2 protein chains.
Amino acid sequence: MTEASMQRITRQRQVILETLRNVRTHPTADELYEIVRKKLPHISLGTVYRNLDTLERCGMALRLDRVGNQARFDGDTSQHCHIRCKQCGRVDDIFETHAEVHADAVVRETGYQVTGFSLEFEGKCPTCKEIQDN
Amino acid sequence: MTEASMQRITRQRQVILETLRNVRTHPTADELYEIVRKKLPHISLGTVYRNLDTLERCGMALRLDRVGNQARFDGDTSQHCHIRCKQCGRVDDIFETHAEVHADAVVRETGYQVTGFSLEFEGKCPTCKEIQDN
DNA sequence: CTACTAATGAGAACGGATCGCAAAAAGGAG
DNA sequence: CTCCTTTTTGCGATCCGTTCTCATTAGTAG
Ligand SMILES: [Zn+2]
Ligand SMILES: [Zn+2]
Ligand SMILES: [Zn+2]
Ligand SMILES: [Zn+2]
């Protein structure tokens, strides 16, 4: 399912995607809901969840699986990885991947049919680092 | 908090840790609960959760976050990574890491104080692969 | 043994995510 | 435009993994 093949382009779907693409924060569903509500005050949280799900299945958004206890979403579907602040939960992008990973060796070791991998960094974000230092 | 400094060594705690260490499946809390119940029929699920939490804080167990919608736990705290079957959720170990990751470059790019990273593979496990082929 | 405190069992509560359903909206045909 | 069909929405109920509460139990020091 692609953007073109999505059967209805509703105002809600449009605004949700637009908002997700214009934000760099990898928001949770309810964070996105709060932002979208400024444009569509009567939208429901369920609609946000449903559309995020649809967008993910269309390959137009990514679900960052349970970084913390809530799912986060990413409107940038290009290849990049993430770093998460252990203290405040903030998630930032890492576009230059300074890593070399050999999946073929994993296949030999495990017998799995490997379809991908995710490399995620964790640490303390600049803001939390500064707060700690004071 | 270390093993020695844990204030009480209860039978429940003992059995939970023992069971977790003797299992290779990276069980969820309720899977572990079912196994432990065979030895301690009156243990409660809450106790399993509480002790897994304690063990994690003592560095005696690992919580594998964001594998599916349930947390999974690992009694092997040595350095290794995991591969997860997208179809059935099974998690296996990968002890030989065929990957080279440069965290220092990430520090430069993001300004984070990087404390670690996790590399997780995903794919289809041997069992699910065979089922599909038939 | 007693006294003190941590841990347990049972169940209620919490919270993120999903579901069910009637109403609304989108799109197509004429 | 109207009429009809199908998708989507809003809203509330529900699910389910996890955490919390609290009276009771049990580990440990002395
Ligand atoms: Zn932070
Ligand atoms: Zn991103
Ligand atoms: Zn499998
Ligand atoms: Zn493991």
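Order of the sequence lines fixes the chain letters, A, B, ..., with proteins taken first and strands second; residue numbering starts at 1 for each chain. Quick caveat, the model's predicted, so the values are computed rather than measured. All values below come from the heavy atoms of this structure, side chains included, with hydrogens, waters and symmetry mates left out.
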**Student:** Within this structure, what is the CD1-to-C1' distance between Ile9(A) and dT6(D), rounded to whole angstrom?
**Tutor:** 16 Å
**Student:** Can you tell which of dG9(C), dA7(C), dG10(D) lies closest to the side chain of Ile43(B)?
**Tutor:** dG9(C)
**Student:** With the criterion being N/O to N/O and under 3.5 Å, what pairs connect the protein with nucleotides 2-5 of chain C, and how long is each?
**Tutor:**
{"from": "dT5(C)", "atom 1": "O2", "to": "Arg8(B)", "atom 2": "NH2", "distance (Å)": "2.7"}

**Student:** In terms of hydrophobic clusters joined by side-chain contacts under 4.5 Å, are Phe117(B) and Ile83(B) together?
**Tutor:** yes
**Student:** Nearest 0.5 Å, please: how far is CZ in Phe73(A) from CG in Leu52(A)?
**Tutor:** 4.5 Å
**Student:** Roughly how many Å is it from CG in Asp53(A) to C1' in dT7(D), rounded to a whole number?
**Tutor:** 15 Å
**Student:** At under 4.0 Å, does any side-chain N or O of Gln12(B) touch on OP1 or OP2 of dG9(C)?
**Tutor:** yes
**Student:** Considering residues at least two apart in sequence or located in another chain, which fulfil the side chain to side chain contact (heavy atoms under 4.5 Å, CB included) criterion with Thr115(A)?
**Tutor:** Lys86(B), Glu122(B)
**Student:** Measure CG/Asn69(A) against P/dC20(D) and give the value in whole Å, please.
**Tutor:** 11 Å
**Student:** With sequence neighbours left out, write down each residue that passes salt bridge (charged side-chain N to carboxylate O under 4.0 Å, His left out) with Arg50(A), or none if nothing qualifies.
**Tutor:** none
**Student:** Which residues satisfy the side chain to side chain donor-acceptor pair (under 3.5 Å) test with Gln14(B), sequence neighbours excluded?
**Tutor:** Arg11(B)
**Student:** Run the side chain to side chain donor-acceptor pair (under 3.5 Å) test against Glu34(B) and tell me which residues pass, sequence neighbours left out.
**Tutor:** Arg37(B)
**Student:** Going by number, which of residues 44-51 of chain B have a non-hydrogen atom under 4.0 Å from DNA chain C?
**Tutor:** Ser44(B), Thr47(B), Arg50(B), Asn51(B)
**Student:** Whole angstrom is fine here: how far is it from CG in Asp30(A) over to P in dA17(C)?
**Tutor:** 7 Å
**Student:** Between the axis at one end of the helix from dC1(C)-dG30(D) to dG30(C)-dC1(D) and the axis at the other (five pairs apiece), what's the angle to 10 degrees?
**Tutor:** 40°
**Student:** My understanding is that only residues two or more places apart in sequence, or in another chain, count here; which of them pass side chain to side chain donor-acceptor pair (under 3.5 Å) with Ser44(A)?
**Tutor:** Thr47(A)
**Student:** Taking NE2 from His42(B) and P from dG11(C), how many angstroms apart are they, rounded to a whole number?
**Tutor:** 13 Å
**Student:** In whole Å, I'd like the distance from the CZ atom of Arg11(A) to the C1' atom of dG27(C).
**Tutor:** 18 Å
**Student:** For Arg13(A), check salt bridge (charged side-chain N to carboxylate O under 4.0 Å, His left out) against everything at least two apart and list the hits.
**Tutor:** none
**Student:** For Gln87(A), enumerate each residue passing the side chain to side chain contact (heavy atoms under 4.5 Å, CB included) test, keeping only those at least two apart in sequence or located in another chain.
**Tutor:** Cys85(A), Lys124(A), Cys128(A), Gln132(A)
**Student:** Considering only distance and modelled atom types, tabulate donor-acceptor pairs under 3.5 Å from the side chains of residues 94-104 of chain B, sequence neighbours left out.
**Tutor:**
{"from": "His98(B)", "atom 1": "NE2", "to": "Glu96(B)", "atom 2": "O", "distance (Å)": "3.4"}
{"from": "Glu100(B)", "atom 1": "OE2", "to": "His102(B)", "atom 2": "NE2", "distance (Å)": "3.4"}

**Student:** Can you check whether Thr10(B) has a side-chain N or O nearer than 4.0 Å to OP1 or OP2 of dT8(C)?
**Tutor:** yes
**Student:** What pairs of residues pass the ring pair (Phe, Tyr, Trp, His ring centres under 6.0 Å) test when at least one of them lies in residues 8-50 of chain A, not counting sequence neighbours?
**Tutor:** His26(A)-His82(A)
**Student:** Roughly how many Å is it from CD in Gln14(B) to P in dG27(D), rounded to a whole number?
**Tutor:** 10 Å
**Student:** Roughly, in whole Å, what's the span from CG in Leu55(B) to P in dA7(C)?
**Tutor:** 11 Å
